[in-house]
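Right, one structure below, let's go through it.
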Amino acid sequence: MADAFSEASDRSEDDSQDVMTPAELIAKLEQAWLNEKFSPELMESKSEIVECVMEQLTHMEGNLQRVRKGDIKASIHRMEIDRIRFVLSSYLRSRLRKIEKYFPHILEKEKSRAEGDPSFLSPEEFAFAKEYLANTESYLKTVALRHMPPNLQTVDMLKAVPKPCLDSFVFLRVHERQENILVEPETDEQREYAIDLEEGSQHLMRYSTIAPLVASGAVQLI
Amino acid sequence: MDPSEVEFLAEKEMVTIISNFSLDKMYLIGGDLGPFNPGLPVNVPLWLALNLKQRQKCRIVPPEWMDVEKLEEIREQERKEETFTPIPNPHYMELTKLLLNHASDNIPKADEIRTLVKDIWDTRVAKLRLSADSFISQLEAHAKLDNLTLMEINTTRTFLLDSLNSMYKLRASLQPQPAAKGHHY
(Lines give C-alpha, C1' and ligand atoms only; values in the text may rest on other atoms or scores of the structure.)
Protein backbone atom coordinates (compact mmCIF):
# COMPACT_ATOMS: atom_id res chain seq x y z
CA MET A 1 0.00 0.00 0.00
CA ALA A 2 2.75 2.43 1.01
CA ASP A 3 4.64 1.58 -2.17
CA ALA A 4 1.66 2.16 -4.38
CA PHE A 5 1.04 5.47 -2.71
CA SER A 6 4.59 6.75 -3.11
CA GLU A 7 4.61 5.68 -6.74
CA ALA A 8 1.41 7.60 -7.39
CA SER A 9 2.75 10.74 -5.75
CA ASP A 10 5.99 10.48 -7.74
CA ARG A 11 4.06 10.34 -10.91
CA SER A 12 1.91 13.33 -10.12
CA GLU A 13 5.08 15.37 -9.56
CA ASP A 14 6.49 14.33 -12.92
CA ASP A 15 3.35 15.23 -14.78
CA SER A 16 2.66 18.43 -12.92
CA GLN A 17 2.57 20.56 -16.11
CA ASP A 18 0.78 18.04 -18.21
CA VAL A 19 -1.80 16.08 -16.27
CA MET A 20 -3.51 14.04 -18.94
CA THR A 21 -4.56 10.47 -18.39
CA PRO A 22 -4.23 8.04 -21.32
CA ALA A 23 -8.03 8.07 -21.60
CA GLU A 24 -8.03 11.86 -21.98
CA LEU A 25 -5.25 11.57 -24.51
CA ILE A 26 -7.31 9.19 -26.63
CA ALA A 27 -10.30 11.54 -26.34
CA LYS A 28 -8.09 14.40 -27.57
CA LEU A 29 -6.97 12.30 -30.51
CA GLU A 30 -10.56 11.52 -31.42
CA GLN A 31 -11.47 15.20 -31.26
CA ALA A 32 -8.54 16.10 -33.49
CA TRP A 33 -9.56 13.30 -35.86
CA LEU A 34 -13.13 14.55 -36.27
CA ASN A 35 -12.07 18.19 -36.55
CA GLU A 36 -9.55 17.31 -39.22
CA LYS A 37 -12.09 15.20 -41.06
CA PHE A 38 -14.69 17.95 -41.29
CA SER A 39 -12.75 21.20 -41.46
CA PRO A 40 -12.13 22.50 -44.97
CA GLU A 41 -8.58 23.62 -44.15
CA LEU A 42 -5.60 21.89 -42.59
CA MET A 43 -5.73 22.21 -38.79
CA GLU A 44 -2.78 22.90 -36.56
CA SER A 45 -0.55 19.85 -36.24
CA LYS A 46 -1.11 17.85 -33.06
CA SER A 47 2.28 16.12 -33.17
CA GLU A 48 2.43 15.98 -29.39
CA ILE A 49 -0.77 13.97 -29.15
CA VAL A 50 0.32 11.72 -32.01
CA GLU A 51 3.66 11.04 -30.32
CA CYS A 52 2.10 10.32 -26.94
CA VAL A 53 -0.43 7.94 -28.47
CA MET A 54 2.32 6.17 -30.40
CA GLU A 55 4.25 5.82 -27.15
CA GLN A 56 1.22 4.31 -25.42
CA LEU A 57 0.69 1.87 -28.27
CA THR A 58 4.33 0.79 -28.44
CA HIS A 59 4.42 0.35 -24.69
CA MET A 60 1.27 -1.76 -24.69
CA GLU A 61 2.47 -3.83 -27.64
CA GLY A 62 5.75 -4.42 -25.84
CA ASN A 63 3.85 -5.73 -22.84
CA LEU A 64 1.78 -7.99 -25.05
CA GLN A 65 4.90 -9.62 -26.52
CA ARG A 66 5.44 -11.29 -23.17
CA VAL A 67 1.94 -12.71 -22.91
CA ARG A 68 1.26 -16.18 -24.28
CA LYS A 69 -1.02 -16.53 -27.31
CA GLY A 70 -4.72 -17.22 -26.84
CA ASP A 71 -4.94 -15.28 -23.60
CA ILE A 72 -8.26 -13.47 -23.42
CA LYS A 73 -6.72 -10.42 -21.78
CA ALA A 74 -4.19 -10.09 -24.56
CA SER A 75 -6.88 -10.30 -27.22
CA ILE A 76 -8.88 -7.53 -25.55
CA HIS A 77 -5.80 -5.32 -25.34
CA ARG A 78 -5.03 -6.06 -28.98
CA MET A 79 -8.54 -5.05 -30.04
CA GLU A 80 -8.19 -1.77 -28.21
CA ILE A 81 -4.83 -1.15 -29.84
CA ASP A 82 -6.33 -1.81 -33.27
CA ARG A 83 -9.12 0.66 -32.62
CA ILE A 84 -6.73 3.40 -31.50
CA ARG A 85 -4.41 2.68 -34.40
CA PHE A 86 -7.35 3.03 -36.80
CA VAL A 87 -8.18 6.51 -35.47
CA LEU A 88 -4.55 7.52 -35.57
CA SER A 89 -3.96 6.47 -39.16
CA SER A 90 -7.28 7.86 -40.32
CA TYR A 91 -6.29 11.18 -38.73
CA LEU A 92 -2.87 11.23 -40.37
CA ARG A 93 -4.32 10.14 -43.71
CA SER A 94 -6.88 12.94 -43.76
CA ARG A 95 -4.07 15.41 -43.11
CA LEU A 96 -2.00 14.01 -45.96
CA ARG A 97 -5.02 14.22 -48.25
CA LYS A 98 -5.38 17.92 -47.46
CA ILE A 99 -1.66 18.51 -47.93
CA GLU A 100 -1.86 16.90 -51.37
CA LYS A 101 -4.89 19.01 -52.23
CA TYR A 102 -3.68 22.39 -51.01
CA PHE A 103 0.12 22.04 -50.89
CA PRO A 104 1.10 25.43 -52.37
CA HIS A 105 -1.12 27.34 -49.94
CA ILE A 106 -0.07 25.28 -46.97
CA LEU A 107 3.61 25.81 -47.76
CA GLU A 108 2.99 29.53 -48.28
CA LYS A 109 1.29 29.76 -44.90
CA GLU A 110 4.17 27.87 -43.32
CA LYS A 111 6.65 30.29 -44.92
CA SER A 112 4.87 33.36 -43.58
CA ARG A 113 4.51 31.91 -40.10
CA ALA A 114 6.03 34.16 -37.45
CA GLU A 115 8.94 32.84 -35.41
CA GLY A 116 7.63 31.04 -32.33
CA ASP A 117 4.14 30.41 -33.64
CA PRO A 118 3.16 26.75 -33.63
CA SER A 119 3.66 25.06 -36.99
CA PHE A 120 0.72 23.73 -38.96
CA LEU A 121 2.82 20.82 -40.17
CA SER A 122 4.82 18.19 -38.37
CA PRO A 123 8.43 17.94 -39.62
CA GLU A 124 7.51 14.82 -41.60
CA GLU A 125 4.47 16.49 -43.14
CA PHE A 126 6.57 19.53 -44.03
CA ALA A 127 9.10 17.32 -45.82
CA PHE A 128 6.23 15.54 -47.60
CA ALA A 129 4.64 18.81 -48.74
CA LYS A 130 7.94 20.15 -50.08
CA GLU A 131 8.65 16.95 -51.93
CA TYR A 132 5.12 16.87 -53.30
CA LEU A 133 5.55 20.41 -54.64
CA ALA A 134 8.91 19.60 -56.23
CA ASN A 135 7.58 16.42 -57.81
CA THR A 136 4.48 18.11 -59.18
CA GLU A 137 6.55 20.89 -60.67
CA SER A 138 9.04 18.59 -62.29
CA TYR A 139 6.23 16.38 -63.59
CA LEU A 140 4.49 19.33 -65.24
CA LYS A 141 7.81 20.44 -66.67
CA THR A 142 8.75 17.10 -68.24
CA VAL A 143 5.31 16.31 -69.56
CA ALA A 144 4.17 19.63 -70.95
CA LEU A 145 5.85 22.85 -69.98
CA ARG A 146 9.17 22.29 -71.74
CA HIS A 147 7.31 21.91 -75.04
CA MET A 148 5.64 25.29 -74.58
CA PRO A 149 6.88 28.59 -75.98
CA PRO A 150 9.47 30.10 -73.62
CA ASN A 151 7.13 32.72 -72.19
CA LEU A 152 4.62 30.07 -71.09
CA GLN A 153 7.02 27.71 -69.40
CA THR A 154 6.24 28.61 -65.82
CA VAL A 155 3.19 27.84 -63.71
CA ASP A 156 2.38 29.68 -60.51
CA MET A 157 1.26 26.88 -58.22
CA LEU A 158 -0.46 29.30 -55.87
CA LYS A 159 -2.75 30.32 -58.72
CA ALA A 160 -3.04 26.91 -60.31
CA VAL A 161 -4.25 25.09 -57.20
CA PRO A 162 -7.59 26.23 -55.69
CA LYS A 163 -7.57 27.45 -52.11
CA PRO A 164 -9.51 25.64 -49.41
CA CYS A 165 -13.03 27.07 -49.26
CA LEU A 166 -13.27 28.45 -45.73
CA ASP A 167 -16.86 29.53 -46.34
CA SER A 168 -18.00 25.90 -46.39
CA PHE A 169 -20.76 24.96 -44.04
CA VAL A 170 -19.89 22.64 -41.14
CA PHE A 171 -21.79 20.87 -38.37
CA LEU A 172 -20.54 21.52 -34.88
CA ARG A 173 -21.18 20.84 -31.20
CA VAL A 174 -20.37 23.43 -28.52
CA HIS A 175 -18.07 22.48 -25.63
CA GLU A 176 -17.72 25.92 -24.04
CA ARG A 177 -20.49 28.51 -24.13
CA GLN A 178 -19.83 31.39 -26.55
CA GLU A 179 -21.65 34.68 -26.79
CA ASN A 180 -22.28 37.05 -29.64
CA ILE A 181 -21.12 35.06 -32.60
CA LEU A 182 -21.86 37.17 -35.65
CA VAL A 183 -23.60 35.34 -38.44
CA GLU A 184 -23.04 37.02 -41.77
CA PRO A 185 -26.02 37.36 -44.08
CA GLU A 186 -26.35 35.17 -47.15
CA THR A 187 -27.88 37.85 -49.35
CA ASP A 188 -27.80 41.63 -49.46
CA GLU A 189 -31.39 41.86 -48.25
CA GLN A 190 -30.60 40.01 -45.01
CA ARG A 191 -28.92 41.62 -42.02
CA GLU A 192 -26.18 40.11 -39.95
CA TYR A 193 -27.19 38.95 -36.50
CA ALA A 194 -25.53 37.63 -33.36
CA ILE A 195 -26.19 34.27 -31.74
CA ASP A 196 -25.10 32.63 -28.52
CA LEU A 197 -23.72 29.14 -28.65
CA GLU A 198 -24.95 27.25 -25.60
CA GLU A 199 -22.86 24.46 -24.19
CA GLY A 200 -23.88 21.12 -25.66
CA SER A 201 -25.93 22.63 -28.49
CA GLN A 202 -25.38 21.71 -32.13
CA HIS A 203 -25.28 24.01 -35.12
CA LEU A 204 -24.87 24.25 -38.85
CA MET A 205 -22.98 27.33 -40.02
CA ARG A 206 -20.04 28.56 -42.05
CA TYR A 207 -16.61 27.34 -41.02
CA SER A 208 -15.09 30.82 -41.37
CA THR A 209 -17.39 32.15 -38.60
CA ILE A 210 -16.17 29.72 -35.99
CA ALA A 211 -12.70 28.66 -37.23
CA PRO A 212 -10.86 30.15 -34.21
CA LEU A 213 -13.25 28.34 -31.84
CA VAL A 214 -12.45 25.01 -33.47
CA ALA A 215 -8.73 25.69 -33.10
CA SER A 216 -9.12 26.58 -29.41
CA GLY A 217 -11.27 23.52 -28.73
CA ALA A 218 -14.35 25.50 -27.66
CA VAL A 219 -16.40 23.84 -30.37
CA GLN A 220 -16.10 20.42 -31.98
CA LEU A 221 -16.88 19.69 -35.62
CA ILE A 222 -19.22 16.75 -36.09
CA MET B 1 -17.87 10.41 -43.11
CA ASP B 2 -18.49 6.80 -43.79
CA PRO B 3 -21.46 5.28 -41.89
CA SER B 4 -19.09 2.57 -40.64
CA GLU B 5 -17.06 5.29 -38.94
CA VAL B 6 -20.15 6.57 -37.15
CA GLU B 7 -20.74 2.98 -36.08
CA PHE B 8 -17.15 2.84 -34.90
CA LEU B 9 -17.84 5.80 -32.61
CA ALA B 10 -21.05 4.17 -31.41
CA GLU B 11 -19.06 1.11 -30.37
CA LYS B 12 -17.54 3.20 -27.59
CA GLU B 13 -20.91 3.42 -25.82
CA MET B 14 -20.96 1.47 -22.58
CA VAL B 15 -23.32 -1.47 -22.19
CA THR B 16 -23.87 -3.93 -19.37
CA ILE B 17 -22.95 -7.55 -19.86
CA ILE B 18 -23.16 -10.63 -17.69
CA SER B 19 -20.05 -12.66 -18.33
CA ASN B 20 -19.68 -16.40 -17.84
CA PHE B 21 -15.95 -16.26 -17.03
CA SER B 22 -13.83 -14.57 -14.42
CA LEU B 23 -11.04 -12.15 -15.08
CA ASP B 24 -9.20 -9.59 -12.96
CA LYS B 25 -9.57 -5.90 -13.46
CA MET B 26 -8.04 -4.83 -16.78
CA TYR B 27 -6.11 -1.63 -17.39
CA LEU B 28 -6.84 -0.57 -20.95
CA ILE B 29 -5.39 2.62 -22.42
CA GLY B 30 -8.88 4.09 -22.58
CA GLY B 31 -9.74 3.23 -18.97
CA ASP B 32 -10.15 0.37 -16.52
CA LEU B 33 -12.52 -2.53 -17.06
CA GLY B 34 -13.84 -5.27 -14.85
CA PRO B 35 -13.29 -7.27 -12.77
CA PHE B 36 -15.34 -9.94 -14.53
CA ASN B 37 -17.16 -12.52 -12.43
CA PRO B 38 -19.52 -15.17 -13.74
CA GLY B 39 -23.13 -14.07 -13.32
CA LEU B 40 -22.32 -10.53 -12.19
CA PRO B 41 -23.11 -7.52 -14.36
CA VAL B 42 -20.21 -5.36 -15.55
CA ASN B 43 -20.03 -2.31 -17.83
CA VAL B 44 -17.92 -2.58 -20.98
CA PRO B 45 -17.74 -0.71 -24.28
CA LEU B 46 -19.98 -2.13 -26.99
CA TRP B 47 -17.05 -3.31 -29.15
CA LEU B 48 -15.93 -5.59 -26.37
CA ALA B 49 -19.45 -6.72 -25.52
CA LEU B 50 -20.08 -7.77 -29.12
CA ASN B 51 -16.77 -9.59 -29.34
CA LEU B 52 -17.38 -11.49 -26.10
CA LYS B 53 -20.89 -12.27 -27.26
CA GLN B 54 -19.60 -13.68 -30.53
CA ARG B 55 -17.23 -15.87 -28.56
CA GLN B 56 -20.20 -16.90 -26.40
CA LYS B 57 -18.56 -15.54 -23.29
CA CYS B 58 -21.33 -13.23 -22.16
CA ARG B 59 -24.95 -12.18 -22.26
CA ILE B 60 -25.70 -8.57 -23.14
CA VAL B 61 -28.22 -6.68 -21.01
CA PRO B 62 -30.25 -4.46 -23.36
CA PRO B 63 -30.01 -0.73 -22.57
CA GLU B 64 -32.85 0.60 -20.47
CA TRP B 65 -34.45 2.52 -23.34
CA MET B 66 -34.48 -0.50 -25.63
CA ASP B 67 -37.93 -1.40 -24.45
CA VAL B 68 -41.16 -1.58 -26.43
CA GLU B 69 -43.17 0.67 -24.11
CA LYS B 70 -40.52 3.36 -23.85
CA LEU B 71 -39.90 3.35 -27.58
CA GLU B 72 -43.62 3.60 -28.33
CA GLU B 73 -43.75 6.69 -26.15
CA ILE B 74 -40.79 8.20 -27.96
CA ARG B 75 -42.35 7.40 -31.32
CA GLU B 76 -45.60 9.17 -30.38
CA GLN B 77 -43.69 12.14 -29.04
CA GLU B 78 -41.58 12.30 -32.18
CA ARG B 79 -44.67 12.24 -34.39
CA LYS B 80 -46.44 14.90 -32.33
CA GLU B 81 -43.64 17.45 -32.10
CA GLU B 82 -42.40 19.44 -35.03
CA THR B 83 -38.89 19.70 -33.72
CA PHE B 84 -36.48 16.90 -32.92
CA THR B 85 -37.26 15.40 -29.52
CA PRO B 86 -34.45 14.39 -27.16
CA ILE B 87 -33.44 10.82 -27.86
CA PRO B 88 -32.34 8.40 -25.11
CA ASN B 89 -28.98 7.67 -26.70
CA PRO B 90 -26.93 9.68 -29.21
CA HIS B 91 -26.23 6.45 -31.07
CA TYR B 92 -29.67 4.83 -30.78
CA MET B 93 -29.77 3.69 -34.40
CA GLU B 94 -26.31 2.10 -34.46
CA LEU B 95 -26.81 0.47 -31.06
CA THR B 96 -30.13 -1.00 -32.13
CA LYS B 97 -28.66 -2.31 -35.35
CA LEU B 98 -25.55 -3.79 -33.76
CA LEU B 99 -27.35 -5.32 -30.81
CA LEU B 100 -30.18 -6.76 -32.86
CA ASN B 101 -27.83 -8.18 -35.46
CA HIS B 102 -25.42 -9.79 -33.04
CA ALA B 103 -27.31 -10.36 -29.82
CA SER B 104 -30.99 -10.56 -30.73
CA ASP B 105 -31.38 -13.60 -28.46
CA ASN B 106 -30.62 -11.37 -25.46
CA ILE B 107 -33.19 -8.74 -26.38
CA PRO B 108 -36.85 -9.40 -25.65
CA LYS B 109 -39.26 -8.53 -28.50
CA ALA B 110 -36.39 -7.84 -30.87
CA ASP B 111 -38.61 -7.57 -33.95
CA GLU B 112 -40.94 -5.03 -32.39
CA ILE B 113 -37.98 -2.97 -31.27
CA ARG B 114 -36.49 -3.05 -34.73
CA THR B 115 -39.74 -1.71 -36.23
CA LEU B 116 -40.18 0.95 -33.55
CA VAL B 117 -36.67 2.29 -33.92
CA LYS B 118 -37.06 2.29 -37.69
CA ASP B 119 -40.29 4.31 -37.29
CA ILE B 120 -38.58 6.82 -35.03
CA TRP B 121 -35.68 7.08 -37.44
CA ASP B 122 -37.96 7.59 -40.45
CA THR B 123 -39.94 10.31 -38.69
CA ARG B 124 -36.78 12.13 -37.70
CA VAL B 125 -35.12 11.86 -41.09
CA ALA B 126 -38.31 13.17 -42.75
CA LYS B 127 -38.15 16.19 -40.42
CA LEU B 128 -34.50 16.60 -41.23
CA ARG B 129 -35.24 16.67 -44.96
CA LEU B 130 -38.00 19.24 -44.44
CA SER B 131 -35.77 21.53 -42.41
CA ALA B 132 -32.90 21.15 -44.86
CA ASP B 133 -35.30 22.18 -47.60
CA SER B 134 -36.43 25.29 -45.77
CA PHE B 135 -32.85 26.08 -44.76
CA ILE B 136 -31.87 26.17 -48.41
CA SER B 137 -34.94 27.94 -49.77
CA GLN B 138 -34.76 30.67 -47.13
CA LEU B 139 -31.02 31.15 -47.65
CA GLU B 140 -30.34 30.78 -43.96
CA ALA B 141 -26.81 31.22 -42.65
CA HIS B 142 -27.22 29.38 -39.37
CA ALA B 143 -29.29 26.50 -38.05
CA LYS B 144 -29.57 25.03 -34.59
CA LEU B 145 -29.63 21.26 -34.67
CA ASP B 146 -30.13 20.17 -31.10
CA ASN B 147 -30.98 16.53 -30.43
CA LEU B 148 -29.89 15.48 -33.89
CA THR B 149 -27.65 12.41 -33.77
CA LEU B 150 -24.42 11.96 -35.67
CA MET B 151 -25.86 9.21 -37.84
CA GLU B 152 -28.78 11.43 -38.79
CA ILE B 153 -26.49 14.32 -39.64
CA ASN B 154 -24.39 11.93 -41.64
CA THR B 155 -27.29 10.89 -43.89
CA THR B 156 -27.57 14.40 -45.33
CA ARG B 157 -24.07 15.68 -44.79
CA THR B 158 -22.52 15.23 -48.22
CA PHE B 159 -25.62 16.17 -50.16
CA LEU B 160 -26.56 19.19 -48.05
CA LEU B 161 -23.07 20.65 -47.67
CA ASP B 162 -22.20 20.18 -51.34
CA SER B 163 -25.46 21.82 -52.40
CA LEU B 164 -24.87 24.75 -50.06
CA ASN B 165 -21.35 25.20 -51.39
CA SER B 166 -22.44 25.02 -55.02
CA MET B 167 -25.21 27.50 -54.40
CA TYR B 168 -22.79 29.81 -52.64
CA LYS B 169 -20.42 29.69 -55.61
CA LEU B 170 -23.23 30.34 -58.08
CA ARG B 171 -24.46 33.29 -56.04
CA ALA B 172 -20.96 34.65 -55.64
CA SER B 173 -20.41 34.66 -59.39
CA LEU B 174 -23.73 36.49 -59.89
CA GLN B 175 -22.80 39.32 -57.60
CA PRO B 176 -20.36 41.73 -59.25
CA GLN B 177 -17.12 41.67 -57.31
CA PRO B 178 -14.92 44.76 -57.11
CA ALA B 179 -11.67 42.81 -57.26
CA ALA B 180 -11.90 39.43 -58.93
CA LYS B 181 -11.43 37.22 -55.92
CA GLY B 182 -12.95 33.98 -57.11
CA HIS B 183 -11.10 31.40 -59.13
CA HIS B 184 -12.00 31.06 -62.75
CA TYR B 185 -10.65 27.67 -63.58
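Quick note: numbers below take in every heavy atom, side chains included, and nothing from hydrogens, waters or symmetry partners. All of these numbers come straight from a predicted model, not from anything done at the bench.
Between chain B and the residues Arg83(A), Lys37(A), Met79(A), Arg206(A), the most heavy-atom pairs under 4.5 angstrom are made by Arg83(A). The residue among Phe8(B), Tyr27(B), Tyr168(B) with the most heavy atom pairs within less than 4.5 Å of chain A is Phe8(B). Heavy-atom pairs under 4.5 Å with chain A were tallied for Arg157(B), Lys144(B), Glu5(B); the largest tally goes to Arg157(B). Of the residues considered (Asn147(B), Leu150(B), Leu52(B), Leu164(B)), Leu164(B) shows the highest number of contacts with chain A, using heavy-atom pairs under 4.5 Å. Interface summary for chain A: among Leu48(B), Asp162(B), Leu33(B), the most heavy-atom pairs under 4.5 angstrom belong to Leu48(B). Considering only heavy-atom pairs separated by less than 4.5 Å from chain B, the leading option among His77(A), Glu24(A), Met205(A) is His77(A). Looking only at heavy-atom pairs under 4.5 Å with chain B, the residue among Asp167(A), Ile26(A), Leu197(A), Ile181(A) that has the most is Asp167(A).
Counting non-hydrogen atoms of other residues, nucleotides and ligands closer than 6.0 Å to CE of Met167(B) gives a total above 12. By the neighbour-count criterion of 12 heavy atoms within 6.0 Å, atom CD of Glu76(B) is densely surrounded, having more than that number from other residues, nucleotides or ligands.
Only the side chain of Asn165(B) comes within contact range of chain A, with at least one heavy atom under 4.5 Å from a heavy atom of that chain. The contact between Leu161(B) and chain A is made entirely by side chain atoms (from C-beta outward), counting heavy-atom distances below 4.5 Å. Heavy-atom distances place the side chain of Phe171(A), and not its backbone, under 4.5 Å from chain B. The parts of Leu148(B) that come within reach of chain A are both its backbone and its side chain, each placing non-hydrogen atoms under 4.5 angstrom from that chain. Using a 4.5 Å cut-off between heavy atoms, Thr209(A) makes no contact with chain B at all. Phe21(B) touches chain A through its side chain: at least one heavy atom from C-beta onward sits under 4.5 Å away, while N, CA, C and O do not. Ile222(A) touches chain B through backbone and side chain together, each having a heavy atom under 4.5 Å away. When heavy atoms are compared at a cutoff of 4.5 Å, Ser75(A) approaches chain B solely by way of its side chain, counted from C-beta outward. If you measure heavy-atom distances from Leu28(B) to chain A, the contacts under 4.5 Å come from both the backbone and the side chain. With a 4.5 Å cut-off on non-hydrogen atoms, Glu192(A) does not touch chain B at all. For Ile195(A), the part lying near chain B is the side chain, with the backbone staying farther off; criterion is any non-hydrogen pair under 4.5 Å. Residue contact with chain A, scored on non-hydrogen atoms closer than 4.5 Å, involves the side chain of Arg55(B) exclusively. With a threshold of 4.5 angstrom between heavy atoms, Leu25(A) does not approach chain B through any atom at all.
Look at Asp82(A) and Arg78(A) and you find no salt bridge, because none of the NZ, NE, NH1 or NH2 atoms lies under 4.0 Å from a carboxylate O. By the 4.0 Å N-to-carboxylate-O rule, Lys12(B) lies close enough to Glu30(A) to be salt-bridged with it. Under the 4.0 Å criterion applied to side-chain N and carboxylate O atoms, Lys163(A) and Glu108(A) are not assigned as salt-bridge partners. Residues Lys127(B) and Glu81(B) are not paired through a salt bridge, judged by the lack of any N-O separation under 4.0 Å between the basic side chain and the carboxylate. For Lys73(A) and Asp71(A), the salt-bridge test fails: no basic side-chain N is under 4.0 Å from an acidic carboxylate O.
With contacts defined as side-chain heavy-atom distances shorter than 4.5 Å, the pair Arg79(B)/Asp119(B) qualifies. With contacts defined as side-chain heavy-atom distances shorter than 4.5 Å, the pair Lys57(B)/Asn20(B) qualifies. With contacts defined as side-chain heavy-atom distances shorter than 4.5 Å, the pair Asp24(B)/Pro35(B) does not qualify.
Within the cation-pi definition used here (under 6.0 Å to the ring centroid, within 45° of the axis), Arg124(B) does not qualify as a partner of Phe84(B).
Checked by atom type and distance alone, the side chain of Lys98(A) pairs as donor or acceptor with a backbone atom of Glu41(A) at under 3.5 Å.
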